[in-house]
Amino acid sequence: MWPFIVILCLLIAFIMIGNHSHRKSLLITYPKRQANITFFSNGKKMFDHYFKDIQGAKQFIFISFFIVKNDAHSLTFLKRLQEKSESGVDVYLLVDRLGSLFLKKEWIHNLEQSGVHFLFSRRWRLLSPLRSLNRRNHRKITVIDGDIGYIGGLNVGDEYVNDSRKFAGWKDYHMRVVGEVVTDFFHLFQKDWEVNGGGKINVTVGEPRAEGESTCQLVPTSGGSLEDVFIHLINKAEHSIKIGTPYFIPSERLMKALLEKRRDGVHITIIYPDEADHPFVKEASIPYLKRLVNAGGEVYLFTKGFYHAKILFIDDKLVDIGTANFDRRSLFINDEVNLLIYDQPIIEIADRAFHNDLEEALPLNDEWLNAPNKFVAGIKKVIATILKPLL
């Protein structure tokens with residue numbers, strides 16, 4: 001019991017010292033651009049295309065992931081990068097220090113021996129230990145030869161391609177983009193590489209070969225700016241808001257914006273996972289899900305695996321897809337990046353995927369809300385309330 005209490009006290013100190021305020025970071029802004037967009041709702045299909053694009057790279061490959069795991073899929077991914085680097089392609093790999101904590105040193109050594117430029121983002125800093133440990137780079141973007149970009153919720157690991165026993169069905173959304181918006185992907189990666197101590201990248205990119213047919217906008221956020229982005233989008237809604245998220249722990253400002261829209265008659269639908277992948281996130285989410293349902297919103301629990309997708313529809317006129325969750329960590333702490341899409345055909349494709357997942361979901365029910373062991377559930381709710389800023 002005592003070790004648990006000590007750990008809990010340390011976490012409380014973590015919150016109070018490392019996250020006592022939410023200071024908005026300087027926001028990088030990009031204009032609306034054009035792109036041709038391919039939408040994926042299946043990790044295996046996405047990585048099949050991804051590896052083909054990696055294989056076809058001629059000049060450079062920039063990759064940023066939150067998680068690269070210590071498993072078979074991750075090893076395949078890293079070996080592909082080694083091969084391209086050995087063939088003369090400039091390869092840069094940026095992974096989060098905490099998210100990729102168990103990445104083997106041997107594998108990193110092999111990458112560097114092959115000429116891959118490898119860097120951990122958000123390293124631990126002695127002068128700001130709690131803040132540096134708490135703030136993570138959650139972005140997942142790839143740039144290939146300045147022509148092709150990837151963005152979305154998928155990381156690198158067996159579960160993301162449904163090869164893991166832990167989660168039989170992993171649901172995520174990811175996109176392949178070609179066109180002028182890839183220039184912004186290129187710029188953002190360069191900034192992240194420099195900010196995290198990698199220095200200036202001596203790679204230039206020319207004009208994209210194709211402008212693209214779909215209007216979109218790259219939106220990186222950091223240190224609190226995501227809350228304003230989400231509220232701005234929600235305030236645009238006149239008829240419907242649809243949200244897909246693995247975690248639903250909004251700020252009070254964001255929750256009030258949703259409830260105000262609901263009072264105005266805007267229909268709100270949320271897909272949320274039936275099964276949690278982290279402790280306490282369910283307990284932290286329940287109060288907000290209840291408030292939304294009590295206001296007439298609809299919440300559905302995805303039952304065919306784990307729902308990890310991050311998507312926001314506004315009136316079927318705009319869809320926001322990327323790395324950001326609907327929780328305090330994405331809102332106030334992490335570095336995130338989303339793509340706003342204004343093109344009707346792509347919105348319809350994403351909407352079909354959302355509704356297909358909705359068919360694999362059940363309405364929020366009292367049995368799910370009320371855990372069988374009320375005593376344990378009560379303790380978890382107290383801990384979840386304390387830890388809410390970190391979730």
Side-chain angles (χ1 to χ4, degrees), residues 22-39 62 64-66 94 96 121 135-143 149-154 172-193 195 208 212 214-237 241-245 247 250-251 253-254 257-258 309-344 346-347 350:
H22 304 308
R23 298 177 181 175
K24 290 183 176 62
S25 300
L26 180 63
L27 185 63
I28 301 172
T29 58
Y30 297 110
K32 289 183 180 179
R33 306 276 198 187
Q34 297 302 116
N36 294 324
I37 301 171
T38 304
F39 175 88
F62 294 168
S64 177
F65 276 112
F66 177 61
L94 178 67
D96 186 77
S121 61
R135 183 178 175 184
R136 310 314 318 158
N137 183 352
H138 196 241
R139 292 170 180 161
K140 307 159 187 76
I141 57 172
T142 294
V143 186
Y150 280 87
I151 183 173
L154 288 164
D172 234 320
Y173 303 150
H174 218 90
M175 293 174 292
R176 178 185 190 268
V177 298
V178 177
E180 65 175 3
V181 75
V182 178
T183 303
D184 298 332
F185 283 54
F186 178 91
H187 175 264
L188 179 62
F189 182 90
Q190 282 191 316
K191 288 293 182 183
D192 278 351
W193 188 267
V195 164
S214 300
T215 303
C216 57
Q217 184 177 15
L218 191 68
V219 181
T221 55
S222 182
S225 56
L226 178 63
E227 182 190 41
D228 289 339
V229 171
F230 274 167
I231 289 175
H232 174 72
L233 295 177
I234 286 167
N235 286 340
K236 290 176 175 288
I241 297 170
K242 289 176 285 190
I243 299 169
T245 180
Y247 320 112
S251 66
R253 280 185 66 216
L254 186 51
L258 287 170
K310 306 97 166 48
I311 195 164
L312 170 64
F313 294 90
I314 303 296
D315 289 343
D316 296 321
K317 296 179 180 178
L318 163 69
V319 64
D320 177 3
I321 306 172
T323 71
N325 297 309
F326 230 81
D327 64 4
R328 304 295 176 90
R329 175 159 288 282
S330 286
L331 289 171
F332 297 119
I333 304 173
N334 288 346
D335 299 335
E336 305 283 1
V337 61
N338 286 17
L339 190 68
L340 302 184
I341 302 169
Y342 301 87
D343 183 64
Q344 198 61 36
I346 303 301
I347 294 171

Original post:
How far apart are the closest heavy atoms of Leu340 and Leu318, and which atoms are they?
Top reply: CB-CD1, 4.0 Å

Subject >> Residue pair Asp228, Arg253: steps toward the side chain to side chain contact (heavy atoms under 4.5 Å, CB included) verdict >> reply: CA-CA 9 Å; Asp228 289 339; Arg253 280 185 66 216; 3.1 Å; yes

**OP:** Indicate the atoms forming the closest heavy-atom contact of Tyr342 with Cys216, along with that distance.
**Re:** CD1-CA, 4.2 Å

**OP:** Please name the residue in the list Asp320, Val177, Val319, Val219 that meets the side chain to side chain contact (heavy atoms under 4.5 Å, CB included) test with Leu339.
**Re:** Val177

Original post:
Judged by atom type as modelled, is there a donor-acceptor pair below 3.5 Å linking the side chain of His138 to the main-chain atoms of Thr323?
Top reply: yes

**OP:** State, with a plain yes or no, whether a side-chain heavy atom of Asn334 is found less than 4.5 Å away from one of Phe66.
**Re:** no

Original post:
Parallel, tilted or perpendicular: which fits the ring planes of Phe62 and Phe189, with parallel below 30° and perpendicular above 60°?
Top reply: parallel

Subject >> Any residue meeting side chain to side chain contact (heavy atoms under 4.5 Å, CB included) with Lys317, in chain and number order, not counting sequence neighbours >> reply: Asp315

Original post:
Atom CD1 in Ile241, atom CG in Asn235: separation rounded to 0.5 Å?
Top reply: 8.5 Å

Original post:
Is any side-chain heavy atom of Leu331 closer than 4.5 Å to a side-chain heavy atom of Glu336?
Top reply: no

Subject >> Aromatic centroids of Phe230 and Phe326 separated by under 6.0 Å >> reply: yes

Original post:
What pair of heavy atoms forms the shortest contact from Asn338 to Ala324, and how long is it?
Top reply: OD1-N, 3.3 Å

Subject >> Nearest-0.5 Å distance, CZ of residue Arg33 to CD of residue Gln217 >> reply: 9.5 Å

Subject >> Shortest non-hydrogen separation from Ala35 to Val181 and the atoms involved >> reply: CB-CG1, 3.6 Å

**OP:** Provide the closest heavy-atom pair for Thr245 versus Tyr247 in the form atom of the first, atom of the second, distance.
**Re:** OG1-O, 2.6 Å

Original post:
Between atom CG of Asp96 and atom CG of Asn137, what is the distance when rounded to the nearest 0.5 Å?
Top reply: 6.0 Å

**OP:** Look up atom OH in Tyr30 and atom CG in Leu218, then write down how far apart they are to the nearest 0.5 Å.
**Re:** 6.5 Å

Subject >> Inter-residue atom distance Lys140.NZ - Leu94.CG, 0.5 Å rounding >> reply: 12.5 Å

Subject >> Any donor-acceptor pair under 3.5 Å from Ser225 side chain to Ser222 backbone >> reply: yes

**OP:** State, without any angle test, whether Thr215 and Gln34 hold a side-chain donor-acceptor pair at a distance under 3.5 Å.
**Re:** yes

**OP:** Nearest 0.5 Å please: distance from the CZ atom of Arg176 over to the CD1 atom of Ile151.
**Re:** 15.0 Å

Subject >> Exercise: identify the closest heavy-atom pair between Ile311 and Ala350 >> reply: CD1-CB, 4.1 Å

